[in-house]
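Not measured: the values here are computed from a predicted model.
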Amino acid sequence: MKDRARLSLTPAVAIWETTRACDLRCTHCRALAMPEAAPGQLSTAEAFDLVTQLAELDPGVVVLTGGDPLKRPDLLPLIDAMVREGLEVAVTPSVTPLLTRDAIHRLAAAGVSRIALSLDGPNAAMHDGLRGVHRSFAATLAAVEAVRAVGLPLQLNTSLTQRTVVALRATGALVARLAPALWSVFVVVPVGRAAANETLGADACEEVFHLLHAWTATTGLPVKTTAAPAYRRVVLQAGLVPSVARPRRALAVNDGKGFLFVSHTGEVYPSGFLPLGAGNVRHQRLSELYRWSPLFQALRDEERLGGKCGACPFRSVCGGSRARAYAMTGDPFAADPACVYVPPRWTEGDACTRT
């Protein structure tokens with residue numbers, strides 16, 4: 001109950017899409033990124049005001065994403081302002097020619113707490129195919145070493161589609177050799193450029209969850225899933241050691257529940273993969289939108305969950321992907337289509353009337 005009350009006031013994770021500009025051409029890009037900044041991007045003055053709003057909200061961590069954050073000329077002063085406000089800042093830069101060793105040194109000097117890099121396969125053919133740029137895989141491995149050289153914690157993000165999931169074991173072996181502080185596995189949601197036929201079904205997701213469970217038990221390295229909270233159910237069912245299986249503050253977080261996303265234009269969403277807006281930081285304070293908007297309050301209300309998710313004994317720690325439910329059914333409170341679990345209450349018919 002204490003965690004639930006805390007997460008209703010301040011998120012564990014606040015994501016800021018600093019820009020949609022990016023020089024990669026990822027086939028699954030949520031942001032529909034392009035080489036130049038999109039119209040309406042927050043100005044530098046508006047961005048500094050957002051820093052103040054983030055400080056008011058005081059999330060566990062602010063993650064700067066994109067597009068590519070390095071495409072913002074004012075990125076370093078903004079990071080400096082956030083750090084001076086006492087915010088923990090992580091950055092997810094795109095691996096392009098902008099991500100030089102000097103750029104990584106400057107990010108470290110500015111005070112970022114972690115750099116996250118995407119690694120979508122065990123070889124160039126798979127990774128470069130998803131990222132749309134030749135030699136992206138080689139550049140990513142070089143960036144891994146550069147991050148290590150400055151002493152920053154490294155997070156590796158892997159996007160799972162029908163094309164990349166077949167190599168997950170091999171990708172996991174590479175990740176184990178690189179030994180990041182965290183492996184974040186994103187089960188792609190059909191938004192942006194990601195097509196529905198590229199996403200994983202429930203059976204495939206369950207196989208992924210058990211593979212990740214075995215991987216973290218064997219390697220001792222932490223792993224988390226993005227847009228696939230049912231992994232927490234697998235962890236609990238297996239009785240895996242919590243400190244290994246569940247990274248800090250991640251247990252109960254879900255779209256709008258301990259998590260928020262601010263777009264490049266200041267629109268506030270429960271996550272980057274759930275395109276239902278609560279308002280805009282140009283007109284309302286971020287803390288008010290997160291704490292009091294009807295959308296965020298509804299997403300934090302477990303009684304609103306429908307279908308199997310509404311009857312599930314794991315709903316407090318999982319709750320299903322609200323983004324995937326919306327993308328696949330049009331209802332953000334529907335059952336998560338990527339979960340195979342059938343709750344006992346659902347089997348007994350106790351929750352059949354849930355909507």
Is the count of non-hydrogen atoms from other residues, nucleotides or ligands lying under 6.0 Å from E56 atom CD greater than 12? yes
Check this for me: R282, atom CZ, are more than 12 non-hydrogen atoms of other residues, nucleotides or ligands nearer than 6.0 Å? yes
Are T44 and D74 linked by a side-chain donor-acceptor pair shorter than 3.5 Å? yes
Would you mind checking if E17 and R30 are paired as a salt bridge, meaning a charged N to carboxylate O distance below 4.0 Å? yes
Can you tell me how far [atom2] of [Y] sits from [atom1] of [X], rounded to the nearest 0.5 angstrom?
X: K71; Y: D23; atom1: NZ; atom2: CG; result: 3.5 Å
X: E198; Y: T161; atom1: CD; atom2: OG1; result: 4.5 Å
X: R135; Y: L141; atom1: CZ; atom2: CG; result: 10.5 Å

Suppose we screen for ring-ring contact (aromatic ring centres under 6.0 Å, His included). Which residues come up paired with F296, at least two apart in sequence or across chains? Y290
Sequence neighbours left out, what passes ring-ring contact (aromatic ring centres under 6.0 Å, His included) with F261? Give chain and number order. none
Closest contact, heavy atoms only, Q162 versus N197: CG-O, 3.5 Å
Which pairs with one or both residues in residues 105-124 pass salt bridge (Lys or Arg N to Asp or Glu O under 4.0 Å), sequence neighbours excluded? D102-R106, D120-R131
Under 3.5 Å donor-acceptor pairs involving side-chain atoms of residues 177-190, not counting sequence neighbours:
{"from": "W183", "atom 1": "NE1", "to": "T158", "atom 2": "OG1", "distance (Å)": "2.8"}
{"from": "S184", "atom 1": "OG", "to": "K224", "atom 2": "NZ", "distance (Å)": "3.3"}
{"from": "S184", "atom 1": "OG", "to": "T226", "atom 2": "OG1", "distance (Å)": "3.2"}

The test is salt bridge (Lys or Arg N to Asp or Glu O under 4.0 Å); show your working for R233 and E206 and say whether it passes. CA-CA 10 Å; R233 182 254 308 162; E206 193 73 3; 2.8 Å; yes
D128: which residues meet the salt bridge (Lys or Arg N to Asp or Glu O under 4.0 Å) condition with it, sequence neighbours left out? none
Of V89, L78, V62, the residue whose pairing with V51 passes side chain to side chain contact (heavy atoms under 4.5 Å, CB included): L78
Does some side-chain heavy atom of P332 sit less than 4.5 Å from a side-chain heavy atom of L276? yes
R193: which residues meet the side-chain contact (heavy atoms from CB on, under 4.5 Å) condition with it, sequence neighbours left out? C29, L32
Start with the C-alpha distance between V166 and M126, add both sets of side-chain angles, then the distance that settles side-chain contact (heavy atoms from CB on, under 4.5 Å), and finish with yes or no. CA-CA 10 Å; V166 296; M126 182 163 288; 4.2 Å; yes
